[in-house]
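Beneath this line is the structure, given in structure tokens, with notes to follow.
In this text, all values refer to a predicted model and were calculated from it rather than measured experimentally. Just so we're on the same page: letters track the sequence lines, and every chain starts at 1.
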Number of protein chains: 2
Amino acid sequence: MDARPDLFRALGDATRRTILDELTDRDGQTLFEICGRLTMKHGLASSRQAISQHLAVLEQAGLVHTRRQGRYKFHHIDTSPLRSIVERWPIDREEPTP
Amino acid sequence: MDARPDLFRALGDATRRTILDELTDRDGQTLFEICGRLTMKHGLASSRQAISQHLAVLEQAGLVHTRRQGRYKFHHIDTSPLRSIVERWPIDREEPTP
DNA sequence: TTGACAGGCAAGTGGCGACTTGCCTACAAC
DNA sequence: GTTGTAGGCAAGTCGCCACTTGCCTGTCAA
């Protein structure tokens, strides 16, 4: 029935949406960087394991890609799956008054 | 932290997404029409109460507006809240090769 | 090689949300 | 009025999901 249920499940959680905000602001962060910034900037006191699981969900949805380098794992945002949303339920264009 | 959590909660359920598909195909249906078409076209055997609750969630998210007329209540889709998604996490434009 | 750091895996728990059940209100035709 | 139709309300159940807890793997510096 549904093309990619993982996408909507990933967007369904507020913490995961904040992670996407954080990666939009600064792309390519590690898990510990994201943890620190979520605590500092957004006032979220989430554990490392919780964030790790969130990142796994985001990666499964194709919204985040990872790149390993030594003992670091960098996370990169990919917003292209969001395109399927506006393609599925077209948004009426605002015609700018000429 | 989050502008409209109701929007993402509404999109989080597969049945609600199918309802949006159905309203995209034919706008302004009543509750019983939606029930019938979900059963026929999409093979969903959802009860009237379940669909009613789904429609309430969609309306709270601003994705569906209702219009009463006699004992009928017509449901209309409104995709404009979806705009906030692509505005929040901008999608890289595909430049058409000139 | 030992310690510290970055991350992973898996079982268990608690709360929220989808769905049911049962009864009620409103409008219309007869 | 009575009957049938369209929809609403509220309590209860059940399963999934976010989060925790505990331990393990891999990498780098000393």
Side-chain angles (χ1 to χ4, degrees), chain A residues 1-2 4-23 26 28-40 42-61 63-76, chain B residues 1-2 4-23 26 28-40 42-61 63-76:
Chain A
M1 159 180 56
D2 206 277
R4 31 190 125 198
D6 292 341
L7 171 61
F8 298 99
R9 190 173 104 72
L11 293 176
D13 186 84
T15 302
R16 283 195 286 269
R17 295 194 293 272
T18 308
I19 291 176
L20 291 181
D21 291 337
E22 189 50 49
L23 288 180
R26 173 184 289 209
Q29 298 188 54
T30 67
L31 171 59
F32 275 48
E33 282 177 315
I34 296 172
C35 284
R37 292 183 136 236
L38 285 184
T39 304
M40 296 301 170
H42 304 272
L44 295 182
S46 298
S47 69
R48 175 184 63 87
Q49 291 82 350
I51 304 297
S52 177
Q53 290 172 3
H54 281 311
L55 286 171
V57 174
L58 288 170
E59 188 173 8
Q60 193 178 354
L63 289 167
V64 163
H65 295 172
T66 58
R67 169 175 55 96
R68 270 217 164 263
Q69 188 171 346
R71 59 175 167 176
Y72 298 103
K73 186 179 183 182
F74 299 100
H75 300 266
H76 297 268
Chain B
M1 157 182 55
D2 206 279
R4 32 190 126 199
D6 291 341
L7 171 61
F8 298 99
R9 190 174 103 72
L11 292 176
D13 186 85
T15 301
R16 283 196 285 269
R17 295 194 293 272
T18 308
I19 291 175
L20 291 181
D21 291 338
E22 190 50 49
L23 289 179
R26 173 185 288 206
Q29 298 188 53
T30 68
L31 172 59
F32 275 46
E33 281 177 316
I34 296 171
C35 285
R37 292 182 138 238
L38 285 184
T39 305
M40 296 300 169
H42 304 272
L44 295 182
S46 299
S47 70
R48 176 184 62 87
Q49 290 84 349
I51 303 297
S52 176
Q53 290 172 3
H54 282 311
L55 287 170
V57 174
L58 288 170
E59 188 173 8
Q60 193 178 353
L63 289 168
V64 164
H65 295 171
T66 59
R67 168 175 57 95
R68 268 216 165 265
Q69 188 171 345
R71 59 174 166 175
Y72 298 102
K73 187 178 183 182
F74 299 99
H75 299 265
H76 297 268

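Distance alone, capped at 3.5 Å, is enough to place a donor-acceptor pair between the A:Thr39 side chain and the A:Leu44 backbone. Here the side chain of B:Gln53 pairs no donor or acceptor atom with the backbone of B:Ala50 at under 3.5 angstrom. In this structure, B:Arg16 contributes its side chain and B:Leu11 its backbone to no donor-acceptor pair below 3.5 Å. Judged by distance alone, with hydrogens and angles left aside, the side-chain atoms of A:Ser46 form no donor-acceptor pair with the main-chain N or O of A:Ile51 at under 3.5 Å.
With sequence neighbours excluded, the residues that form a side-chain contact (heavy atoms from CB on, under 4.5 Å) with A:Arg67 are A:Gln69, A:Phe74, A:His76. Not a single side-chain hydrogen bond (donor to acceptor under 3.5 Å, both in side chains) links B:His75 to another residue, sequence neighbours left out. Taking the side-chain contact (heavy atoms from CB on, under 4.5 Å) definition, one finds that A:Gln60 meets it with A:Asp6, sequence neighbours left out. Annotation: side-chain contact (heavy atoms from CB on, under 4.5 Å) contacts of A:Ser52 (sequence neighbours excluded): A:Leu31. Residues satisfying the salt bridge (Lys or Arg N to Asp or Glu O under 4.0 Å) test with B:Arg9, not counting sequence neighbours, are none. With sequence neighbours left out, the side-chain contact (heavy atoms from CB on, under 4.5 Å) criterion links A:His65 to A:Asp78. By the side-chain hydrogen bond (donor to acceptor under 3.5 Å, both in side chains) test, A:Glu22 pairs with A:Gln29, A:Arg37, A:Lys41, A:His42, sequence neighbours left out.
If you check residues 30-38 of chain B against DNA chain C, you find no residue with a heavy atom closer than 4.0 Å. Using a 4.0 Å cut-off on heavy atoms, the residues of residues 67-74 of chain B that approach DNA chain D are B:Arg68, B:Arg71, B:Tyr72, B:Lys73, listed by number. Of the residues in residues 6-13 of chain A, not one comes within less than 4.0 Å of DNA chain C through any heavy atom.
The distance between atom CG of A:Leu58 and atom C1' of D:dA18, rounded to the nearest whole Å, is 13 Å. C:dG17 atom C1' lies 13 Å from atom CD of B:Gln60, rounded to whole Å. Counting to the nearest Å, the C1' atom of D:dA18 and the CZ atom of A:Arg17 are 14 Å from each other.
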Using a cut-off of under 3.5 Å, enumerate the N/O to N/O pairs linking the protein to nucleotides 20-24 of chain D.
| residue | atom | partner | partner atom | Å |
| --- | --- | --- | --- | --- |
| D:dT20 | OP2 | A:Ser47 | OG | 2.6 |
| D:dT20 | O4 | A:Gln53 | NE2 | 3.1 |

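Contact check, A:Ser52 against C:dG7: no side-chain N or O comes under 4.0 Å of OP1 or OP2. Phosphate proximity of D:dC19 to A:His54: present, with a side-chain N or O under 4.0 Å from OP1 or OP2.
Within the structure, salt bridge (charged side-chain N to carboxylate O under 4.0 Å, His left out) pairs that include any residue of residues 47-61 of chain A do not occur (at least two apart or interchain).
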**Report entry** Step-by-step side-chain contact (heavy atoms from CB on, under 4.5 Å) determination, B:Val64 to B:Leu20
**Finding:** CA-CA 8 Å; B:Val64 164; B:Leu20 291 181; 4.3 Å; yes

